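Notes follow once the structure below has been shown.
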There are 2 protein chains.
Amino acid sequence: MAARPTSKTSESSDKVSVICRALRRAIIEQALEPGAKLPEDSLGERFGVSRTIARHALGQLAAEGLVELRRNRIAVVATPSWQEARDAFDIRIELERLVVRQLAGKLTKAQIAELNAHVDAEDGARGGADAVSIRLATEFHILLAQMTNSPILVRYVSEVAYRCCLTLSLYSRPHSTECAINEHRAIISALAKGDEAKVMELMHHHLDSVANRALVAPTPQRGRDLLDILAPYADEVAGNRVVKLPKVARRG
Amino acid sequence: MAARPTSKTSESSDKVSVICRALRRAIIEQALEPGAKLPEDSLGERFGVSRTIARHALGQLAAEGLVELRRNRIAVVATPSWQEARDAFDIRIELERLVVRQLAGKLTKAQIAELNAHVDAEDGARGGADAVSIRLATEFHILLAQMTNSPILVRYVSEVAYRCCLTLSLYSRPHSTECAINEHRAIISALAKGDEAKVMELMHHHLDSVANRALVAPTPQRGRDLLDILAPYADEVAGNRVVKLPKVARRG
DNA sequence: GGACACCAAACTGCATGCAATTGGAGCGCT
DNA sequence: AGCGCTCCAATTGCATGCAGTTTGGTGTCC
């Protein structure tokens with residue numbers, strides 16, 4: 001069989017799902033920055049649904065790690081720490097290696113054409129907004145995952161890719177998509193040739209370099225949790241246990 | 001640093017979370033078998049909450065893949081196909097290899113003691129109900145994941161482990177936990193010694209043999225979706241596209 | 001000027017109510 | 001009996017309402 005026959009993994013067409021998709025996209029395109037407030041009322045009003053639905057949608061996105069939900073507090077777009085970002089990329093590397101391992105040499109010509117078409121689209125978007133480039137690059141990886149036809153794998157790759165996307169907007173310097181596009185092409189080519197070891201290595205390297213390009217260092221100013229920033233200084237406070245800090249406003 | 005300092009990943013104490021935990025446990029202990037119906041009303045009544053809350057909880061569990069939600073239909077405990085079960089184990093292997101890779105040689109004595117204590121508990125439960133053994137074995141893996149102190153990794157390992165647990169109840173023959181316990185001990189030992197390559201190999205082998213013990217073959221009778229069973233026959237139907245089957249009762 | 005107490009607006013947590021959809025029992029027809 | 005039809009109880013999809021909590025601003029006192 002050429003990979004596995006295709007089937008859909010899409011969400012149902014609930015109002016909840018619609019809102020989830022909209023918010024997800026807004027988040028990964030950085031229309032909603034990390035930390036942005038998401039009051040249930042406003043969302044409901046904006047999407048023409050009741051607060052119940054908006055709330056449910058927020059719950060789903062929280063389960064995906066895109067939104068942070070604190071009791072009795074306004075939901076906000078997640079603000080992963082630098083370490084969490086690195087962890088996400090590490091997981092992503094393993095998952096996507098698995099994807100290409102399953103796919104190597106098993107793609108139909110139609111599927112390869114689809115992948116190439118997608119990369120062409122990425123290429124075409126190079127002049128446009130950065131956010132679109134990032135989204136397309138992410139969707140390339142999700143497209144790959146979908147071709148495994150393993151719903152679980154699709155879900156995890158999608159989630160973790162979105163999370164990585166989110167961290168890029170936090171920690172990344174202005175994006176350079178050029179090499180990423182070339183790397184995508186190289187991956188397609190190796191997949192077509194069926195060189196399992198090589199494509200796994202390519203994917204590993206690709207994601208690692210994306211991570212390294214982005215997560216250059218625990219950039220001290222942006223996106224770090226106040227508690228983390230203060231941690232080294234807390235030692236100097238006399239008679240203060242560092243382990244359990246008192247309640248402090250997070251990211252005032 | 002000895003692994004990373006421990007912090008909690010628990011869910012908040014919402015009513016929703018309470019119900020989620022209860023259902024999750026009921027599912028992995030097979031008190032609720034795959035396919036079992038979960039009407040919102042009944043759940044709400046049982047847990048002393050409104051339908052709204054029960055519904056929200058079901059949404060969360062659906063996001064984790066433990067529950068299947070179909071529009072306008074009663075929610076049911078998920079019934080993964082054999083292929084999905086195999087996919088889940090494949091993903092789990094990669095994730096848990098990552099766990100032990102991060103942990104090798106980095107555990108404190110206290111953590112090793114905790115792991116040993118857990119395995120002792122598994123040992124002590126050998127006489128008891130099968131469901132408890134399975135749950136404890138699963139929790140061992142989650143405990144490991146928690147020691148990485150990577151919330152994302154904890155979440156994914158937990159989810160996929162629960163899913164695997166679920167599939168065991170579908171496809172597994174009467175469980176033999178003996179060797180699993182020994183394998184757990186071997187993993188702890190290798191982790192303590194810090195032999196990264198070996199512990200990854202051990203974990204790989206451990207999970208692979210759990211999967212093979214359980215998923216012996218696509219058992220034709222139980223747990224298979226009617227559509228899957230019929231798929232080979234559909235080819236013979238004249239002029240019928242196999243891709244899109246008409247609506248058919250699933251698992252009548 | 002700065003710290004503190006207090007209050008109103010904003011927001012969440014949850015239950016309830018109503019319309020729409022489903023599935024299955026009952027019933028008649030062949 | 002087997003098949004199809006109708007109709008109703010069961011159940012979901014969703015909005016609204018009320019109570020409790022947080023937030024941010026104001027006034028007061030030192």
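Per chain, numbering begins at 1; letters A, B, ... match sequence-line order. These numbers were taken from a predicted model, which means no experiment stands behind them. Excluded from the calculations below are hydrogen atoms, water molecules and symmetry mates; all remaining heavy atoms, backbone and side chain alike, are included.
- For A:Glu45, there are no salt bridge (charged side-chain N to carboxylate O under 4.0 Å, His left out) partners, not counting sequence neighbours.
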Atom pairs under 3.5 Å: protein N/O with N/O of nucleotides 17-20 of chain D:
from   : atom 1 : to      : atom 2 : distance (Å)
D:dG17 : O6     : A:Arg51 : NH2    : 3.3

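- Applying the ring pair (Phe, Tyr, Trp, His ring centres under 6.0 Å) rule to pairs touching residues 27-65 of chain A yields A:His56-B:His56, sequence neighbours excluded.
- The CG atom of A:Leu69 sits 15 Å away from the P atom of C:dC11 (whole-angstrom rounding).
- Between the side chain of A:Glu68 and the backbone N or O of A:Thr79, at least one donor-acceptor pair lies under 3.5 Å.
- A donor-acceptor pair under 3.5 Å is formed between the side chain of B:Arg163 and the backbone N or O of B:Glu64.
- Applying the ring pair (Phe, Tyr, Trp, His ring centres under 6.0 Å) definition to pairs two or more places apart or across chains, none involves residues 26-46 of chain B.
- B:Glu45 has its CD atom 13 Å from the P atom of C:dA15, to the nearest Å.
- When the C1' atom of D:dT11 is taken as reference, atom CZ of B:Arg70 falls 13 Å away, rounded to whole Å.
- Using five terminal pairs a side, the axes of the helix from C:dG1-D:dC30 to C:dT30-D:dA1 at its two ends make an angle of 10°, given in steps of 10 degrees.
- The salt bridge (charged side-chain N to carboxylate O under 4.0 Å, His left out) test applied to A:Arg25 returns A:Glu29, not counting sequence neighbours.
- The distance from atom NE2 of B:His56 to atom C1' of C:dC14 is 12 Å, rounded to the nearest whole Å.
- Checked against side chain to side chain contact (heavy atoms under 4.5 Å, CB included), B:Ala75 has the following partners two or more places apart in sequence or in another chain: B:Leu38, B:Leu58, B:Val67, B:Leu69.
- Distance CG (B:Leu38) to C1' (D:dA10): 16 Å, rounded to an integer number of Å.
- Rounded to a whole Å, the CZ atom of B:Arg71 is 13 Å from the C1' atom of D:dT11.
- Listed by chain and residue number, nothing satisfies the ring pair (Phe, Tyr, Trp, His ring centres under 6.0 Å) test with B:Phe89 (two or more places apart in sequence, or in another chain).
- The side chain of A:Glu40 lies closest to C:dT12 when the candidates are C:dT12, D:dT12, D:dC14.
- For the pair B:Leu43 CG and D:dT12 C1', the interatomic distance rounds to 13 Å; values are reported in whole Å.
- B:Asp41 has its CG atom 18 Å from the P atom of C:dT22, to the nearest Å.
- Listed nucleotides: C:dA15, C:dG13, D:dA15. Nearest to the side chain of A:Val49: D:dA15.
- Of the side-chain N and O atoms in B:Arg73, none sit less than 4.0 angstrom from OP1 or OP2 of D:dT11.
- Heavy-atom distances to DNA chain C give each of B:Lys37 and B:Gly48 a nearest nucleotide, and the one nearer the 5′ end belongs to B:Gly48.
- When the nucleotides C:dT12, D:dG13, C:dC14 are ranked by their closest atom to the side chain of A:Ile74, C:dT12 comes out on top.
- Residues passing the ring pair (Phe, Tyr, Trp, His ring centres under 6.0 Å) test with A:Tyr162: none are found, sequence neighbours excluded.
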